[in-house]
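Structure record follows, encoded as structure tokens.
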Amino acid sequence: MSNKAKFSSKLGLVAATVGSAVGLGNIWRFPAEVQSNGGAAFLLVYILCVLVLGIPLMLAEFSLGRGTQADAVGAFKVLSPKSKWWLTGALGVLASYMILSFYTVVAGWTLDYLWQSITGDLYASSNGSGGATSAMNLYFHHKMEQYVCTTWPPLINTFIIIGICIAVLMAGVQKGIERMSTWLMPLLFVILVVFCCEALSFDKAGEGLSYFFTPDFSKITPSVIVNALGQAFFSLSLGMGCLITYGSYFPRSTKLMKTAVTVSMLDMLVAVMMGVIIFPAVFSFGLSDAELRGTTLVFVTLPEVFSMMPATGLWSVLFFTLLLVAALTSAISIGEVSIAFVQDRFGKSRRMATLIVTLPLFALSTLCSLSFGVLSDFKIAGLTIFNLLDTVTSNYMLPTGALLICIFTGWFAPKGFFRKELTPSLGRDRRIYWAVEFIVRWIAPVLILIVLLSSII
Ligand code: PFF
């Protein structure tokens with residue numbers, strides 16, 4: 001396996017990994033979670049979850065990948081050939097496939113909204129709604145419903161997204177994933193900074209910021225902790241072998257601790273910057289709580305905000321570019337989990353592996369897209385196909401994967417394996433290693449188990 005693909009530079013490696021982590025989870029899900037989980041109290045718990053649990057778990061995934069040079073399933077087979085631990089990787093491959101089928105649909109909507117922002121169609125008749133917030137809200141609600149419930153436009157956009165993913169993934173690790181991320185990630189940060197500066201100039205920016213940054217400790221409840229942990233894992237791309245796969249593209253010289261800290265900090269920074277953008281807007285434009293939930297935030301509330309700002313079209317184009325960049329780089333990393341698996345396990349060429357993985361995806365994504373339209377009445381356990389895949393993967397499969405990865409790395413990997421992978425990056429300071437190992441062995445499994453049980457009960 002010595003001819004395994006590798007990231008070619010440190011910058012490319014960090015850009016690709018941050019590209020995986022920064023996605024719809026940061027830009028869309030995070031502000032909505034803050035709003036529904038008590039504001040700054042959630043932010044505080046989220047930051048603790050990233051620092052105390054996220055970084056050690058990321059180190060475990062990086063170690064499994066870099067140490068074995070194998071895909072998500074192969075890593076377990078290399079380290080524990082006779083056991084059934086490879087099923088942990090298989091669960092990750094399955095989860096990645098399920099996530100990709102709805103992630104590409106939302107990325108497709110983003111593409112459409114970007115296009116409509118460029119042509120001006122998105123705001124074409126919003127003035128006719130009288131300019132009052134509630135009328136405007138209704139207008140964008142209606143627009144979104146009209147769009148997602150039709151058959152062809154969302155489907156075509158989803159297929160374009162899958163097409164872009166195929167092109168990048170076929171181009172390979174260096175020429176596809178790394179090159180794309182190295183160009184797009186700086187663009188994403190520039191757009192975010194521009195938005196933050198604008199948001200800070202809103203009339204009631206101060207009120208928004210104090211809501212986001214002043215914690216009310218009485219709001220920290222068990223459910224806030226459960227949600228913050230789930231958000232941290234999803235946002236850091238943990239629990240489904242994505243970072244095992246990327247870890248296998250790290251050269252031996254990569255310092256894992258430094259990389260994990262850099263990636264986690266940048267991912268957290270993007271989430272915090274989104275809060276710095278959204279909450280001043282919420283207070284300054286008098287938006288209600290309900291407008292921040294789920295799909296509404298990105299496809300209804302923000303267009304409503306942009307329509308009240310000067311240079312509406314420009315802000316809208318910038319925002320949907322940001323969202324598209326974030327969604328694309330994450331979608332590609334999710335697809336890479338299955339492609340690396342098919343390539344490594346079945347000895348297929350990259351081109352062939354990409355086709356094997358992506359062709360059935362067209363069918364699954366079609367089902368997800370249609371679950372807002374003609375298939376909206378088709379429900380399993382009361383959920384549409386889209387919601388079912390979202391709930392099953394985020395609430396059950398990712399935490400289960402994270403739990404198994406911790407237990408395997410902490411208890412069942414060959415003795416000294418984890419330490420050997422981490423040692424070069426920790427220098428002589430053994431205390432950090434002990435702390436990371438203690439978290440991976442004890443604290444993370446117990447907490448994840450509690451999260452899992454609480455979402456089952
Ligand atoms: N981290 C991505 C986001 O925040 O949107 C989503 C994701 C990517 C989850 C890759 C899991 C994964 F393996």
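Whatever order the structure lists ligands and atoms in, that order sets their numbers, starting from 1. Residues: numbered from 1 along the sequence shown.
- When Gly25, Gly241, Ala271, Ser237 are ranked by how near their heavy atoms come to atom 7 (C) of ligand 1, first place goes to Ser237.
- The shortest N or O to N or O distance between Ser333 and ligand 1 is not under 3.5 Å.
- Counting heavy atoms under 4.0 Å from ligand 1, residue Ala21 touches it through the backbone alone.
- Taking the six-membered ring wherever Trp is involved, the centroid distance between the rings of Tyr246 and Phe7 falls below 6.0 Å.
- Looking at ligand 1, you won't find any N or O of Val22 less than 3.5 Å from one of its N or O atoms.
- Near Cys242, with a cut-off below 4.0 Å to any heavy atom, the atoms of ligand 1 are 13 (F).
- Closest to atom 5 (O) of ligand 1, if we only count protein heavy atoms, is Tyr103 OH, 2.6 Å.
- Ring orientation note: the planes of Phe386 and Trp109 are close to parallel, at an angle under 30° on the 30°/60° scale.
- The aromatic rings of Phe279 and Tyr211 sit tilted relative to each other, their planes meeting at an angle between 30° and 60°.
- Summary of contacts: the protein heavy atom closest to atom 13 (F) of ligand 1 is Met240 CE, 2.8 Å.
- If you number the atoms of ligand 1 from 1 as listed, the ones under 4.0 Å from a heavy atom of Ile334 come out as 8 (C), 10 (C).
- Tyr103 and Phe234 have tilted rings, their planes meeting at an angle from 30° to 60° on a 0 to 90° scale.
- For the side chain to side chain contact (heavy atoms under 4.5 Å, CB included) with Val105, the lone residue among Leu155, Thr366, Val148, Thr158 that qualifies is Thr158.
- Set against the non-hydrogen atoms of Ser235, the atoms of ligand 1 under 4.0 Å away are 1 (N), 4 (O).
- Aromatic rings of Phe320 and Trp115 (six-membered ring for Trp) have centroids beyond the 6.0 Å cut-off, not under it.
- When Phe234, Trp28, Phe30 are checked for heavy-atom proximity to atom 6 (C) of ligand 1, Phe234 turns out nearest.
- The distance from ligand 1 to the heavy atoms of Leu24 drops below 4.0 Å at these ligand atoms: 5 (O).
- Distances below 4.0 Å separate heavy atoms of Ser20 from the following atoms of ligand 1: 1 (N), 2 (C), 8 (C), 10 (C).
- The aromatic rings of Phe159 and Phe362 sit perpendicular to each other, their planes meeting at more than 60°, with 30° as the lower class boundary.
- By the 30° and 60° cut-offs, the orientation of the rings of Tyr46 relative to Phe30 is tilted.
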